[in-house]
**Student:** 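Supplied in C-alpha cells, the structure appears directly below.
Here is how names work: the chains are called A, B, and so on, in the same order as the sequence lines, proteins then strands, and each is numbered from 1.
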Amino acid sequence: MISAVLFLENIISNAINTLYQISDEKVQIQTTRPEFEGDYTFVTFNLTKKTKLSPERLGDQIGSHIQIHNEFISSFNVVKGFLNISLSNAYWLNYFSEIKSYKQFGIAKHNSSGKTIMLEYSSPNTNKPLHLGHIRNNLLGFSVAKILEANGHHVIKVNLVNDRGIHICKSMLAWKKFANGQTPQSTGLKGDSFVGKYYVEFDKLYKSQITQLISEGNSKEEAEKNAPAIKEAQQMLQEWETGNEDVIALWKTMNAWVYEGFKETYKMLGVNFDKIYYESNTYLLGKEVVNYGLSKNIFYKKENGSVAINLTNDGLDEKIVLRSDGTSVYITQDLGTAIERFKEFPNLSQLIYTVGNEQDYHFKVLFKILQKLGYEQANECYHLSYGMVELPEGKMKSREGTVVDADDLIAEMIITAKQTTQELGKISDFNSDEAQQLYKTIGLGALKYFILKVDPKKKMLFNPKESIDFNGHTGPFIQYTHARICSILKKANYINNNIVLNAETYQLHSCEKNLIKHIYTFENALTEAAKEYNPAIIANYCYDLAKLYNRFYHEVNILKEENTSIKLLRLDLSNLCGSVIKNAMALLGIEVPEKM
RNA sequence: GGUCCCGUAGCUCAGCUGGAUAGAGCACAGGUUUUCUAAACCUGCGGUCCUUGGUUCGAUUCCAAGCGGGAUCACCA
C-alpha cells in the first residue's frame, strides 16, 4: 500500500496536470490542523498566478476532481486557499490491517542500506569520574547509533579514551603525595571517583602555590608557570613519554582503577562500544602526515621550526600542526587517527564524532585539513555537535566542584523511582530483584528521556534543586502507557488476529483514526531523526503517541466492548501502539516495563 | 575585535523543507474513578514568537541590521 502522503501528492499532481496543463508543479501536502475537518491539506496559493484562478476556486476544482477519480477520497472542504482532504474510513482500515501484525513496524532491516558508519562517542579523560555533560554525550551517541541502525546502516561504535597527558599526571602526582598507598579497594571508593579525588587535590595544591608565589611578588602568569606542582606534573609527563618504568606502572594502575569505575557507569547507562581506542596508542599518529603535507606544500615550516597551515582563505586562521620541538598537538593526532581509520575501514561511508559544540571550530579545521590533504572521506566526516549542560549558575566546572556527578545522579533517580513506585503500591507481586530492576528502568528512563527530548544542538539547563519529573512529558509517562497496554493485552489473553472490520459498517472512532495516523508517521520520524542526528524527534514522537493512546484509552471501551470485532480491532491497535512505543523507546536506549 | 550558535507562556521545551486563530509539560485554579493501571484523562489561566526593517499572497520560520546571552579564535586537550 502506497503511503498516504505520496498517494495524495500523486493524484493532486495528476489533477493539476489534467485541469490546468501544469506538469512541473511541486505538490506539498501537510497534515490538516485539528480545528478543521480533514486528514491532509493542500495549499493552493502557489497556483493562483499560473492559473489566474482564485485560491477557493482552485481548491474546489482540484477537490472535486480527485474525489471523483479516487475511491479513497471521502470528502473535501476548502477554507480560504486550503484544500482539506479526508481519506476514507476504508483507506485507514486497510492501512491498519496491513501493518498491524508487524513486529518491527518502521524499522529497517539490519544492514539493508549497505552503509557502514563509524560513530565515536563518550571519549572520556581518565583522571576523573563522568559527570552530567558526559551523560549527554553518551546517551546522544548511543541513541544516534541506534537510530542509524534502525535506518538500515551498519554502525561501528567507538570510544577514543584519553588516557594520557598532563591531566592524568596531575592525579598521579597528587596520589603519590597524599594517598599513603590508599586504593579504591582499601577505601571502598569507586575507582574513577577515587582518582578524581586526587585530581582535585592536585588543583588545591597548585592553587595554594600560585597564591603563595603571587604574594611573593610574582605575576599571575609567572606563578601559574612556575608553581612546583605543575613543574612536577610536567616532569612526570616527560618521564611517561620516555617510558620510565615507575611512572608507567603507576599510570597503568590508576587507569585500571578508572576503567573499573567507568565500566559500572557505562553499564548503568546501558551504553557500549564495538571498539575502544586509547590515545596512548594513537597520540603519535599524524607525524608522518605532517611530512606528507610539507612535501605537498600544503603545510609550511615557520621560522621557529613549527609546522603550520594557512586556512585564512577558507575563513579560518593559521593553524599549528606540529610544535617547534617536533611534538604533536591535539589536531596532529586527530589527523593521524582519522587517516588511520580510513585505512582500517576502507569502505566507511561516514565518520561521526560526538563532541560538544565548544569544539565546533576544531572540527571545522580538522575536516578542512583532511580535505586539503586529499582525503575524499573528509566530506563524509561529521561533527555531531551538542550543547553544553548548564546549571542555573552557569557552566559546570570539574575543578570548582560544580559538576553533577553521573553516578550520584543515576543513584538519585533510582531512589526517586523507588519512592514513587512504593507510594503507588502497584507491584506487590514483584520479588525484590524484579522491583529493583523496575526502579532502575524507571529512574533511568526519566533521566534519559529528560536529556534526549531536547534538541542536541541546543544547550540545556539542569536544575539540581528541581528533581527530574516523573509526570507529564517524561520517560515514565511513556513507560506507564506501555505498562498499561501490556496490562490490557494480558487481561484479554491477546493473540494477534486476522480479522478485518468491514469498512462499510464500521466507522473508526476519531481516537482510533488519530492513533493510526500517528503510527503512520513513525517511518518519517525515523528517517528525519537519522537525517538530523536528532533523537529528540523520536522522543517527541513517543510522547505524542503515548498521549494519543491515553486519550483513546479514556474515550473508548476496549475489554468491555461487546462487539467482538471492534474489541479485537482495539486490541490490535493497542498491541501495535505498544510495540511501536517499545521499539521507539529502545532507539533512545530506554526500556519499557510490562508492569509498573 | 573576527567567526559560529542561541533568544517562543512565570519555568523547561516542541513547532517538519515559509502557510490557517503559535503548541506541550511543569506551576496555578477546577473537574473525572462502585467500570480496562489516576505515574492517567478533561476544562480554565497564561504569548509585542528579543527589536526594527526587507522579500512574499502569506514570516516564529528566509535575508539584513541592532539588542541580549553563550562558545571559539593556543606550539591546552
**Student:** Send over the distance from A:Lys459 NZ to B:rG68 P, rounded to a whole Å.
**Tutor:**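 Rounded to whole Å, this separation is 15 Å.
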**Student:** Mind checking the P distance from B:rG31 to B:rG68? Whole angstroms is fine.
**Tutor:**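 Nearest-Å result for B:rG31 against B:rG68 at atom P: 48 Å.
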**Student:** Just name whichever nucleotide pairs with B:rA71, Watson-Crick or G-U, keeping both distances under 3.5 Å, else none.
**Tutor:** B:rU3
**Student:** Less than 6.0 Å separating the ring centroids of A:Phe477 and A:Tyr543?
**Tutor:** yes
**Student:** Between A:Tyr449 (OH) and B:rG25 (C1'), how many Å, whole number?
**Tutor:** 10 Å
**Student:** Under 4.0 Å, heavy atoms only, any strand: does A:Lys302 hit a base, just the sugar-phosphate, or nothing?
**Tutor:**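 Here A:Lys302 touches no strand at all.
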**Student:** Can you tell me the distance, in whole Å, between the CD atom of A:Gln28 and the P atom of B:rU17?
**Tutor:** 10 Å
**Student:** Any base atoms under 4.0 Å from A:Asp455, or only sugar-phosphate, or nothing? Heavy atoms, all strands.
**Tutor:**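 Sugar-phosphate only.
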**Student:** Quote, to the nearest angstrom, the C1' distance that separates B:rG47 from B:rC57.
**Tutor:**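 Nearest-Å result for B:rG47 against B:rC57 at atom C1': 26 Å.
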**Student:** Side chain of A:Asn46 only, heavy atoms from C-beta on: which candidate in B:rU37, B:rA77, B:rC57 is closest?
**Tutor:** B:rC57
**Student:** Is there, by distance only and without an angle test, a donor paired with an acceptor across the side chain of A:Thr481 and the base of B:rA40 below 3.5 Å?
**Tutor:**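 Side chain to base: no pair present.
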**Student:** Suppose we define a pair by two distances each less than 3.5 Å, Watson-Crick or G-U wobble; what does B:rU56 pair with here?
**Tutor:** none
**Student:** With both distances under 3.5 angstrom, what nucleotide forms a Watson-Crick or G-U wobble pair with B:rU61?
**Tutor:** none
**Student:** Would you please indicate yes or no on a ring centroid separation below 6.0 angstrom for A:His383 and A:Tyr353?
**Tutor:** no
**Student:** Tell me if the centroids of the rings in A:His362 and A:Tyr330 come within less than 6.0 Å of each other.
**Tutor:**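 For A:His362 and A:Tyr330, the ring centres are under 6.0 Å apart.
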**Student:** Determine the interatomic distance between P on B:rG10 and the same-named atom on B:rG46; round to the nearest Å.
**Tutor:** 11 Å
**Student:** Determine the Euclidean distance between corresponding C1' atoms of B:rC50 and B:rU8; express it in Å to zero decimal places.
**Tutor:**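 Rounded to whole Å, the distance is 10 Å.
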**Student:** Measuring only the C1' atom in each nucleotide, how far is B:rG58 from B:rG18? A whole number of Å is fine.
**Tutor:**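 It works out to 8 Å between them.
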**Student:** Under 4.0 Å between any heavy atoms, over every strand shown, what does A:Phe450 touch: base, sugar-phosphate, or nothing? Just pick one.
**Tutor:** nothing
**Student:** Given the P atoms of B:rA9 and B:rG23, what is the spacing between them in whole Å?
**Tutor:**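 Going atom to atom, P in each nucleotide, I get 14 Å.
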**Student:** Measure from the side chain of A:Lys458, starting at C-beta and using heavy atoms only, and say which of B:rG25, B:rG7, B:rA38 lies closest.
**Tutor:**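 In terms of side-chain proximity for A:Lys458, the closest of B:rG25, B:rG7, B:rA38 is B:rG7.
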**Student:** Once you round it to whole Å, what is the distance between P of B:rC36 and CZ of A:Arg484?
**Tutor:**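 These atoms are roughly 10 Å apart.
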**Student:** Under the criteria of a ring-centre distance below 5.5 Å and an interplanar angle below 30°, is A:Phe82 stacked with the base of B:rA20?
**Tutor:**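 Base of B:rA20: stacked against A:Phe82.
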**Student:** Establish, from distance only, whether the side-chain atoms of A:Asn137 and A:Thr354 form a donor-acceptor pair under 3.5 Å.
**Tutor:** no
**Student:** Under a 3.5 Å limit for both distances, which nucleotide forms a Watson-Crick or G-U wobble pair with B:rG47, could you say?
**Tutor:**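 For B:rG47, the partner nucleotide comes out as none, under the 3.5 Å rule.
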**Student:** Take atom OH of A:Tyr480 and atom P of B:rU37, then tell me their distance rounded to the nearest Å.
**Tutor:** 8 Å
**Student:** Would A:Phe45 count as stacked on B:rG58 if the rule is ring centres under 5.5 Å and plane angle under 30°?
**Tutor:** no
**Student:** Side chain of A:Asp469 only, heavy atoms from C-beta on: which candidate in B:rA77, B:rC26, B:rC42 is closest?
**Tutor:**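 When the side chain of A:Asp469 is considered, B:rC26 is the closest of B:rA77, B:rC26, B:rC42.
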**Student:** Can you find a donor-acceptor N/O pair under 3.5 angstrom joining the side chain of A:Asp544 to the base of B:rA14?
**Tutor:**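 Looking at the base of B:rA14, it does not pair with any donor or acceptor on the side chain of A:Asp544 (distance under 3.5 Å).
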**Student:** Kindly point out which of B:rC36, B:rA14, B:rC41 is positioned nearest to the side chain of A:Asn540?
**Tutor:** B:rA14
